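Treat the numbers as computed from the prediction; the structure is a model and nothing was measured. Whatever order the structure lists ligands and atoms in, that order sets their numbers, starting from 1. Worth knowing before you read on, the calculation uses all heavy atoms, side chains too, and leaves out hydrogens, waters and symmetry mates.
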Amino acid sequence: MGRMLGLTLAYLAHLAACTLGSERQQHQVQHGPCSYTFILPEMEHCQRQKNLEVSNTLQGDSPAQVKSAASQTTLGRTQKNRSSRQEIKLESLESATENNTLWLQKLENFIQENVRSGMEELKRTAVHTQTAAMLEMGTNLLSQSAEQTRKLTDVETQVLNQTSRLEIQLLEYSLFASRLEKRILLQTQEIARLSDKNSFLEERLSALEARYGTEVQGLQSEKQQLWELMQRQGRLVGQLQGELGSATLNNTLLQRQQAQLADRVEQLLALVNHCNEISHMPRQEPPRFRDCAEIRHSGETASGVYSIRLTNSTRSIKVFCDMETRGGGWTVFQHRRNGSVDFHRGWKDYKLGFGEPSGEHWLGNDIVHKMTRSGEYSLHVRLKDRDGNEAYSHYQRFYIEGEERNYSLHVEGFSGTAGRTNSMAHSGTQFSTKDRDNDRCTCKCAQLASGGWWFEACGPSNLNGVYYPSSSSVVRYNGIKWYYWKGPNLRVTMATMMVRPANF
Ligand SMILES: *[C@@H]1O[C@H](CO)[C@@H](O)[C@H](O)[C@H]1NC(C)=O
Ligand SMILES: *[C@@H]1O[C@H](CO)[C@@H](O)[C@H](O)[C@H]1NC(C)=O
Ligand SMILES: *[C@@H]1O[C@H](CO)[C@@H](O)[C@H](O)[C@H]1NC(C)=O
Ligand SMILES: *[C@@H]1O[C@H](CO)[C@@H](O)[C@H](O)[C@H]1NC(C)=O
Ligand SMILES: *[C@@H]1O[C@H](CO)[C@@H](O)[C@H](O)[C@H]1NC(C)=O
Ligand SMILES: CC(=O)N[C@H]1CO[C@H](CO)[C@@H](O)[C@@H]1O
Ligand SMILES: CC(=O)N[C@H]1CO[C@H](CO)[C@@H](O)[C@@H]1O
């Protein structure tokens, strides 16, 4: 191809050189489908170029070195000789034509050759390129198909994966479903069993209801009967209570009658004794005196034990009469001297009295009550401490109430040397013993302080406390006490309580 191009170019250059200022001559070469057009120069214009050489030889691979075929004729001669010049011109034209024809032939040949080979080459290259393209396309296709295949396999695997997963899930579901079925079956069985049991229970319940219905009815009727019975009992109890009330009334009436009868019997006995004494011992007189004051008025001046007889009573009572203190006539109802008698005693002992009138004793609350209520009486308390000091407390008015009022104390008109303040309890204070607590303390004063006394809470005095020997110096709460004389340290060695009519 290159060679051909070079040749053509050389030729074209030659032609161009000839064409300058000349007319153009066109030649056409038809070769198959291709047509080659050549423009040939007028030779007369080209003759001036003496050195022009056109080589129509083809040399090797190098571009054609066209040896100019320009005529070597001289223009000067032709001008002189026209005819010869004409001939020469013709000749040269002929040869040029010939050379041109030759050239053309050569060219044609060459072109033909070249064209053939070029065509072949073209064909070959075309085939090559086509094959390459085809191959490329093929490879492309192959790669594409491989890609597609890969994708397909991917998709396939995915599908397979999905399918397997779905299958697994399906399996799981079926397993689950079967399990559920089993459970449902079990539940159904259970329900059936339960309903069986239920019906059984219902049967039993109805049976029980039937059985207990009658029992309940029986119980209800029994309850009704019991209620009626209760009503009757209640009425009966009411009646009985009424009867009891009247019986109690009758009882107290009877007691009173009995007391009257006892008094009468006593009087009769006393009468009999009196008759006996009159008949057998005329020296001994029956007690005519109500208290020591009457005895003193009768002329007795010696202190000692005398017999008295309370008003409306036939009983003879032995008492100690103090005939010295303040003119005498004192009936002693309490005396402490050496601790020979236990004063920590109960209610009944204090009610009836204990000890001997000649020694330590308590005359008895009933007697003191009867005596002090039969008239106006004064109280005198005599005390002696371990150093031999004597003191007294005097109460112008004194009495105690009966047992039904727990022998409540009543004192007024205080005076004396045993303390400027009254140590006796206040009026209205009830009597307490270890077995009957009537004090105003949450404690039990009679148990704490010992003995029977008019305890408040528990109060500043207790002449019935424990008798401690005079040698002892320890302060005792339960000892004999008369607080406002010498305080808590007082050690009493003698105490006497006595009464006599206030107007003595
Ligand atoms: C299926 O796909 C899941 C995720 O999509 C992956 O984890 C699993 O390994 C795959 N199984 C197989 C057998 O390819
Ligand atoms: C109580 O005494 C009266 C008569 O004194 C008598 O009619 C009555 O029945 C007595 N009551 C009882 C319960 O003894
Ligand atoms: C003694 O008895 C009489 C009559 O029974 C009575 O009026 C009087 O009050 C009584 N005296 C005493 C102190 O109980
Ligand atoms: C206490 O005094 C009485 C009467 O004087 C006497 O009989 C008794 O023996 C005395 N007791 C003591 C323990 O001193
Ligand atoms: C007397 O004492 C008793 C118990 O010790 C008590 O039940 C009664 O109420 C007292 N009487 C009076 C009038 O306070
Ligand atoms: C007129 C003229 O120049 N004639 C010439 C023609 O050519 C011959 C030969 O070349 C010459 O000799 C003539 O003189
Ligand atoms: C007129 C002309 O140029 N003739 C030439 C044609 O070619 C041959 C050989 O190539 C030449 O010798 C001629 O002179």
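Pairs engaging residues 133-151 under the side-chain hydrogen bond (donor to acceptor under 3.5 Å, both in side chains) rule: Glu147-Arg150 [sequence neighbours left out]. Evaluation of the ring pair (Phe, Tyr, Trp, His ring centres under 6.0 Å) test over residues 484-504, restricted to residues two or more places apart or in two chains, returns His297-Phe504.
By the side-chain contact (heavy atoms from CB on, under 4.5 Å) test, Val466 is found to be paired with Ser450, Tyr468, Asn478, residues two or more places apart in sequence or in another chain being considered.
Taking every non-hydrogen atom of Asn406 and a distance limit under 4.0 Å, the qualifying atoms of ligand 5 come out as 1 (C), 2 (O), 3 (C), 8 (C), 10 (C), 11 (N), 12 (C), 14 (O). Close approach of ligand 5 to Asn438 is summarised as follows: ligand atoms under 4.0 Å from at least one heavy atom of the residue are 1 (C), 2 (O), 3 (C), 4 (C), 5 (O).
Taking the six-membered ring where the residue is Trp, Phe414 and Tyr395 present tilted rings, their angle falling between 30° and 60°.
Centroid-to-centroid, the aromatic rings of Tyr350 and Phe431 come within less than 6.0 Å. In this structure, Phe343 has its ring center at least 6.0 angstrom away from the ring center of Trp362.
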Quick one: ligand 4 N/O to protein N/O pairs below 3.5 Å?
from, atom 1, to, atom 2, distance (Å)
ligand 4, 2 (O), Asn338, ND2, 2.4
ligand 4, 11 (N), Asn338, ND2, 2.8
ligand 4, 14 (O), Asn338, ND2, 2.9

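The shortest N or O to N or O distance between Gln430 and ligand 5 is below 3.5 Å. For ligand 5, the polar-atom distance check finds no N/O of Arg405 at less than 3.5 Å from any of the ligand's N/O atoms.
Other residues, nucleotides and ligands contribute at most 12 non-hydrogen atoms within 6.0 Å of the CZ atom of Arg264. Residue-environment remark: NZ (Lys434) exceeds the threshold of 12 foreign heavy atoms within 6.0 Å.
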